[in-house]
Amino acid sequence: MPESPAQIHEMQSLVESMHAKYKMLDEGEVATYIPELSKANPDDFGVCLVTADGRVFESGDCDRPFTIQSISKPFTFGMVIDELGHDKVFQHVDVEPSGDAFNAIELQRGSNRPHNPMVNAGAIAVTALLHAEHGDRALAHMLERFSTIAGRDLTIDQAVYESERRTGHRNRAIAHLLLNFGIVYEEAEAALDLYFKQCSILVTCRDLAMMAATLANMGCHPLTGKTGLGVNCVKDVLSVMFTCGMYDYSGQWAYRVGVPAKSGVAGGVVAVVNRQLGIGTYSPRLDRFGNSRRGIEVCSDLAQRLGLHVFDCLNIGSGYLDTVL
Ligand code: DON
């Protein structure tokens with residue numbers, strides 16, 4: 001980790017150079033299938049890095065709120081593993097990459113479980129478990145735990161929630177398919193409503209980097225010292241992010257970037273360098289997989305420059321950044 005003023009300066013310059021370089025990239029489209037998301041400014045762009053001991057390096061629009069969308073999925077998955085245990089959770093969702101789009105209407109042959117908790121079907125199954133466990137208090141409970149992971153109080157964006165509730169027919173179909181196969185229980189509509197609210201939690205690019213840094217720091221928020229997720233479930237969360245977090249781009253991502261990550265259709269990306277760093281980016285221009293175009297390039301470039309890829313021969317774990325900065 002950067003220690004001296006020169007190293008800190010070098011890290012900040014790197015983040016600024018990433019922002020300046022990829023600001024030029026204007027490929028990709030803002031999501032419109034949730035009508036409210038189409039109001040995003042396509043040029044918004046933020047890059048933030050938070051070290052596992054809480055130092056922040058950022059550039060661009062790091063304070064601008066946007067909805068977390070699918071980046072909520074690894075955290076709700078962590079919550080159910082934490083609260084209900086592996087055995088119960090794996091009765092409802094598997095951990096196999098699907099190779100399909102995030103909103104595919106499909107379940108695993110034989111078990112009828114969703115392929116993994118990062119695609120919509122799996123995430124809805126996970127959220128239904130939280131709803132079954134906490135009932136009417138589920139949203140408050142989720143917001144409390146997400147707030148601990150982020151290190152500040154989070155709220156939901158009512159307009160985005162209502163927009164998705166009105167138009168989320170595909171997710172409604174998925175929820176009812178899960179109900180049909182007994183993967184979610186009778187309150188499928190209430191669980192779906194909770195899922196829409198979870199996707200509408202407002203975050204900033206800095207929040208995302210902090211949440212990623214909490215994962216990098218074994219579930220403990222680097223600045224508040226509070227436990228956001230139990231240490232045992234962090235490994236599960238990072239494994240599924242590594243294999244499934246970028247949907248049908250996950251293989252390419254593992255090859256190019258090589259760290260656990262998750263994207264959201266509002267334009268956020270989180271990436272976790274285990275025991276070292278949390279990365280958050282925000283840019284609403286998406287590629288055809290629903291991943292932020294600039295987010296992918298920034299993470300890929302950072303991974304190359306800092307040797308972050310988990311299999312990079314230079315990556316010798318938590319001491320690596322010490323040796324280069
Ligand atoms: O369920 C949906 O379609 C959205 N609320 C979230 C999808 C999403 O973020 C996919 N990620 N890139």
Side-chain angles (χ1 to χ4, degrees), residues 28-40 66-77 93 97-106 114-128 130-131 139 142 146 156-178 184 188-189 191-203 205 208 211 240-241 244-250 252-253 257 260-271 280-296 299:
E29 304 295 331
V30 173
T32 53
Y33 77 98
I34 300 172
E36 196 66 20
L37 293 185
S38 66
K39 296 181 182 168
F66 55 93
T67 51
I68 191 167
Q69 297 299 337
S70 288
I71 301 170
S72 59
K73 295 169 178 173
F75 298 101
T76 49
F77 177 60
V93 62
S98 70
D100 285 317
F102 66 87
N103 58 1
I105 303 182
E106 63 167 15
H115 291 281
N116 65 69
M118 302 294 114
V119 291
N120 289 5
I124 293 168
V126 161
T127 302
L130 285 174
H131 184 263
L139 177 65
M142 187 188 287
F146 275 53
I156 70 165
D157 183 320
Q158 195 66 23
V160 173
Y161 155 63
E162 280 168 16
S163 181
E164 187 167 20
R165 181 164 57 90
R166 270 198 314 276
T167 57
H169 310 303
R170 211 178 161 89
N171 282 331
R172 185 156 284 112
I174 291 172
H176 284 268
L177 190 65
L178 293 170
V184 310
E189 282 291 334
L192 186 67
D193 197 62
L194 180 61
Y195 171 76
F196 291 150
K197 287 180 174 145
Q198 137 191 350
C199 290
S200 303
I201 293 174
L202 279 168
V203 288
C205 181
L208 291 184
M211 294 173 88
V240 178
M241 286 169 74
C244 312
M246 304 302 272
Y247 309 115
D248 34 346
Y249 187 75
S250 294
Q252 286 263 8
W253 175 275
V257 187
K262 186 74 207 78
S263 61
V265 282
V269 174
V270 298
T281 64
Y282 171 52
S283 165
R285 295 178 191 270
L286 308 180
D287 65 13
R288 67 188 171 89
F289 304 102
N291 300 322
S292 168
R293 193 68 193 79
R294 286 174 179 163
I296 286 182
C299 291

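These numbers come from a predicted model, not from an experiment. Each ligand, and each atom within it, is numbered from 1 in the order the structure gives.
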Undergrad: Indicate, as side chain, backbone, both or neither, the part of N103 found under 4.0 angstrom from ligand 1 when only non-hydrogen atoms are considered.
TA: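 It is neither; nothing of N103 touches ligand 1.
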Undergrad: Which of the atoms in ligand 1, numbered in the order shown and given with their element, are less than 4.0 Å from a heavy-atom of E164?
TA: 1 (O), 2 (C), 3 (O), 4 (C), 5 (N)
Undergrad: Ignoring angles and geometry beyond distance, decide whether I34 reaches within less than 3.5 Å of ligand 1 through its nitrogen or oxygen atoms.
TA: no
Undergrad: Might you confirm whether atom CD of E106 has over 12 heavy atoms from other residues, nucleotides or ligands at distances under 6.0 Å?
TA: yes
Undergrad: Which heavy atom of the protein is the closest neighbour of atom 3 (O) of ligand 1, given with residue, atom name and distance?
TA: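 The answer is Y33 OH, 2.5 Å.
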Undergrad: How far is atom 12 (N) of ligand 1 from its nearest protein heavy atom, and which residue and atom name does that atom have?
TA: G290 O, 2.9 Å
Undergrad: In terms of atom number and element, which parts of ligand 1 are under 4.0 angstrom from non-hydrogen atoms of C199?
TA: 5 (N)
Undergrad: Would K262 count as a polar contact of ligand 1, with the cut-off being nitrogen or oxygen pairs under 3.5 Å?
TA: no
Undergrad: Please work out which of the three classes, parallel, tilted or perpendicular, describes the rings of F289 and Y249, given edges at 30° and 60°.
TA: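 Correct class here is tilted.
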Undergrad: Going by the order shown, which atoms of ligand 1 are within less than 4.0 Å of some heavy atom of G264?
TA: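 The atoms of ligand 1 under 4.0 Å from a heavy atom of G264 are 9 (O), 11 (N), 12 (N).
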Undergrad: May I ask you to list the atoms of ligand 1 that are less than 4.0 angstrom from any heavy atom of N120?
TA: 1 (O), 2 (C), 3 (O)
Undergrad: In the protein, which heavy atom is nearest to atom 9 (O) of ligand 1, and how far is it?
TA: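 Here the nearest protein heavy atom works out to S70 OG, 2.6 Å.
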Undergrad: Give the C-alpha distance, both sets of side-chain angles, the deciding distance and a yes or no for salt bridge (Lys or Arg N to Asp or Glu O under 4.0 Å) between R172 and E189.
TA: CA-CA 8 Å; R172 185 156 284 112; E189 282 291 334; 3.3 Å; yes
Undergrad: With heavy atoms only and a cut-off of under 4.0 Å, state how F196 meets ligand 1: side chain, backbone, both or neither.
TA: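 It is neither part, as no heavy atom is under 4.0 Å.
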